[in-house]
2 protein chains.
Amino acid sequence: MVTIKQVSEKAGVSSATVSRVINDTGTVKEKTRKLVVAAMEELGYRHNVVAASLASNKTNTIGYVVPELHGSFFGAMMGGTEQALREARKHMLIATGHSDETIEKTQIEALLSRRCDALILHVEAVSDDYLINLVQQGVKLVVVNRYISDIDDNCISLDNVKGGYLAARHLLDIGHTEIAYLAGSLFKADGINRLVGHKQALKDADINYDDSLMYEGNFQAKSGAEGIRALVARGKPFSAVACANDEMASGAMNALREMGKRVPEDVSVIGFDNIDFASYLTPGLTTIDYPVKQIGTMAAHWVLDRVYGKGSHEFTHVVDPRLILRGTTSSPE
Amino acid sequence: MVTIKQVSEKAGVSSATVSRVINDTGTVKEKTRKLVVAAMEELGYRHNVVAASLASNKTNTIGYVVPELHGSFFGAMMGGTEQALREARKHMLIATGHSDETIEKTQIEALLSRRCDALILHVEAVSDDYLINLVQQGVKLVVVNRYISDIDDNCISLDNVKGGYLAARHLLDIGHTEIAYLAGSLFKADGINRLVGHKQALKDADINYDDSLMYEGNFQAKSGAEGIRALVARGKPFSAVACANDEMASGAMNALREMGKRVPEDVSVIGFDNIDFASYLTPGLTTIDYPVKQIGTMAAHWVLDRVYGKGSHEFTHVVDPRLILRGTTSSPE
DNA sequence: AATCCAATTGTAAGCGCTTTCATTAAATAT
DNA sequence: ATATTTAATGAAAGCGCTTACAATTGGATT
């Protein structure tokens with residue numbers, strides 16, 4: 001491996017000067033710069049970022065922890081981050097936490113050991129206090145899809161309550177009054193908040209929230225289908241069903257059809273997240289857009305601003321969901 | 001930041017010994033080990049992997065280049081890799097190439113500068129020669145979803161020809177003879193090979209391949225719908241359509257329905273890839289399973305074996321696709 | 001021509017670890 | 001008890017870079 005030293009000798013300058021032209025820091029005469037560049041090319045020099053990181057105490061690396069890599073959600077988020085970071089020549093070290101406290105902590109610790117300049121965390125099992133503590137220790141981190149008031153400046157999240165509200169509100173607006181709800185896992189903040197918004201919308205419309213029209217699933221398509229069957233079995237009529245996410249909505253649509261009910265003529269369905277496939281369903285799924293990519297971008301901007309002090313990027317802590325109208329909702333007959 | 005030196009002083013040993021207990025190398029008496037561990041905990045020591053990497057000339061980091069982060073494909077692949085690597089305590093540095101030659105090269109170069117021990121590359125724009133050259137320079141890398149005969153040991157790919165064959169074969173088996181094909185981009189190897197397999201199956205069944213029943217799309221859902229419309233406009237009848245991937249199949253299904261044709265009663269549809277959503281469609285999409293995750297796992301195994309010499313993992317260079325029967329195909333009426 | 005200042009460049013001290021080699025302690029053999 | 005191995009440790013030389021700080025250079029100033 002050719003080193004900076006060899007380049008400096010070939011170019012007849014000191015290694016400090018070579019370092020200067022590599023990093024474009026300090027002042028170096030154009031003539032010497034060219035000399036150095038030529039020497040680097042001739043020798044096939046490749047900068048050793050590890051050594052540079054050790055010396056400068058900066059890695060230009062952002063650690064990223066997400067629950068899983070599969071599925072389209074986290075890819076979209078990381079994609080937003082990557083795009084913004086790439087322009088700033090930062091790189092991402094990615095790890096998965098599997099929604100397990102021990103694993104999440106291990107991964108965070110590993111990323112810190114690798115001296116990441118900052119962390120972007122989508123963690124679910126670790127406690128608020130643990131994260132607050134990290135911040136207090138001086139760890140630069142941004143928590144996505146989670147709100148912790150003590151470190152609110154470090155958080156970027158979606159307003160899930162508003163999303164739930166928007167969905168129910170749409171159903172109400174087009175005339176539904178008997179609205180079922182297929183909830184996600186209610187031990188997860190997202191699951192709870194979306195339902196909270198739903199209830200609020202009903203309340204604002206003076207419609208009584210009926211627990212027997214609610215079914216708790218787990219965000220998977222299958223639980224959406226099961227939910228519909230359970231709801232129907234309970235015997236309470238409903239003309240529309242709001243779902244905690246698109247997967248569940250998809251499962252619900254299938255179950256409804258199996259029972260001979262048409263969507264949206266007999267039952268309107270609305271999802272949440274607006275995953276890629278929502279538009280591929282027939283009819284296209286009406287849903288609430290979760291701007292995942294935007295959240296990923298925001299996280300990158302936070303890091304660029306706060307950690308690297310690179311100008312002021314567009315930035316917001318709470319991202320707004322919005323209604324995407326497609327074909328699975330219509331006024332009740 | 002507390003260093004190994006401080007720990008060694010607190011524990012009353014040399015820094016070499018501390019390094020030994022951290023890395024579990026060499027021999028160290030149980031008693032001193034405990035002493036060191038205690039000192040580390042008391043001081044809140046955090047290993048500096050950057051310094052360790054520089055000294056040992058090993059980063060325990062694998063560089064990963066994929067075209068994009070969004071979508072469910074690469075996430076699934078990286079997920080397979082990550083799972084296998086995590087157990088071996090290796091980490092992944094992820095970069096995107098955007099199917100652009102310059103970007104791909106820049107990213108590879110950046111990962112090499114960061115001294116990744118190995119690279120896993122899903123690159124599309126860079127030439128075979130470029131990759132061959134890297135391997136000859138001694139760069140440890142595995143190319144996924146691409147086959148280059150000169151460095152075949154470094155490649156892991158799916159047998160796309162066989163996949164295309166399997167799909168057409170299924171359609172033939174259940175009695176179809178007028179089979180349309182919605183191709184992906186034909187400047188991509190995957191697009192070509194899947195079509196090649198398709199043609200071969202027809203040939204083996206003594207059925208003439210008719211170019212007017214083929215439409216070249218671009219792997220997107222929209223182009224699937226457009227393809228159906230174009231095919232129908234051409235006036236040649238067909239009772240089944242094989243698609244280059246599930247997205248296109250989904251688009252095709254929607255277009256067929258819009259034209260009043262039922263799937264599979266009027267037209268059978270088969271996809272390719274078996275993305276998550278294939279099973280959510282109604283009816284479930286019959287398709288060819290692309291074992292992406294498995295490919296990701298294989299890539300990890302290659303690295304673990306060849307680069308870190310960690311035992312012998314299960315390993316294969318060409319992964320086999322297989323037919324997934326669901327509801328979009330049936331015998332012609 | 002002497003002086004001063006800013007622009008360039010060089011010197012050298014780390015950054016925090018790993019690892020070879022030498023040394024010492026402990027264990028086993030004679 | 002002494003010689004011989006073997007296990008456990010320490011000393012110290014890097015790994016390849018960055019970055020104060022010092023030194024030099026080359027005008028510009030007076």
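Proteins get letters first, then strands, A, B, ... in listed order; numbering begins at 1 in each.
The 12-atom threshold is not exceeded at CG of B:Asn57, counting heavy atoms of other residues, nucleotides or ligands nearer than 6.0 Å.
Separating the CE atom in B:Met1 from the CD atom in B:Gln6 is a distance of 9.5 Å, to the nearest 0.5 Å. Atom CE of B:Met78 and atom NE2 of B:His122 lie 11.0 Å apart (nearest 0.5 Å). We find the NZ-CD distance between A:Lys188 and A:Glu124 to be 4.5 Å, quoted to the nearest 0.5 Å.
Regarding A:Asn57, its CG atom lies at a distance of 12 Å from the C1' atom of C:dG14, rounded to whole Å. Between the CD atom of A:Gln6 and the P atom of D:dC15 there is a distance of 11 Å, given to the nearest Å. Separating the CD atom of A:Glu9 from the P atom of C:dT11 is a distance of 12 Å, rounded to the nearest angstrom. At whole-Å resolution of the value, CG in B:Leu54 and P in C:dG14 are 17 Å apart. Summarising the geometry, the separation between NZ on B:Lys58 and P on C:dG16 is reported as 22 Å, rounded to the nearest angstrom. Distance CG (B:Asn60) to C1' (C:dC17): 14 Å, rounded to an integer number of Å. Per the geometry, CE belonging to A:Met40 stands 15 Å off C1' belonging to D:dG16, to the nearest Å.
A:Thr96 contributes no side-chain N or O that, together with a main-chain N or O of A:Val66, makes up a donor-acceptor pair within less than 3.5 Å. Remark: side-chain polar atoms of A:Asn154 are paired, donor with acceptor, to backbone N or O of A:Leu141 under 3.5 angstrom. Not one N or O on the side chain of A:Gln107 forms a donor-acceptor pair closer than 3.5 Å with the backbone of A:Ala95. Side-chain atoms of B:Asp117 never come within 3.5 Å of backbone atoms of B:Ile62 as a donor-acceptor pair (strictly under, hydrogens ignored). Using a distance-only test at 3.5 Å, with no hydrogens or angles considered, no donor-acceptor pair links the side chain of A:Ser19 to the main chain of A:Ser15.
No engagement by A:Val50 is indicated, since no non-hydrogen atom pair under 4.0 Å with the nucleic acid exists. Residue contacts shown for A:Val49 are absent, as no nucleic acid heavy atom lies under 4.0 Å away.
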Could you run down the sub-3.5 Å N/O contacts of the protein with nucleotides 17-21 of chain D?
| from | atom 1 | to | atom 2 | distance (Å) |
| --- | --- | --- | --- | --- |
| D:dC17 | OP1 | A:Tyr45 | OH | 2.2 |
| D:dC17 | OP1 | A:Asn48 | N | 3.4 |
| D:dC17 | OP2 | A:Ile4 | N | 2.4 |
| D:dT18 | OP1 | A:Asn23 | OD1 | 3.3 |
| D:dT18 | OP1 | A:Asn23 | ND2 | 2.6 |
| D:dT18 | OP2 | A:Ser19 | OG | 2.3 |
| D:dT18 | OP2 | A:Asn23 | ND2 | 3.4 |

Under-3.5 Å N/O pairs linking protein and nucleotides 26-29 of chain C:
none

Restricting both atoms to N or O, compile the protein contacts to nucleotides 22-24 of chain C shorter than 3.5 Å, with distance only.
none

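Put simply, B:Thr27 has a side-chain N or O that comes within less than 4.0 Å of OP1 or OP2 on D:dA8.
For the pairing with A:Val18, the side-chain contact (heavy atoms from CB on, under 4.5 Å) check across A:Val36, A:Thr32, A:Val37, A:Val28 returns one residue only, A:Val36.
With hydrogens and angles left out, the side-chain atoms of B:Asn145 and B:Tyr290 include a donor and acceptor closer than 3.5 Å.
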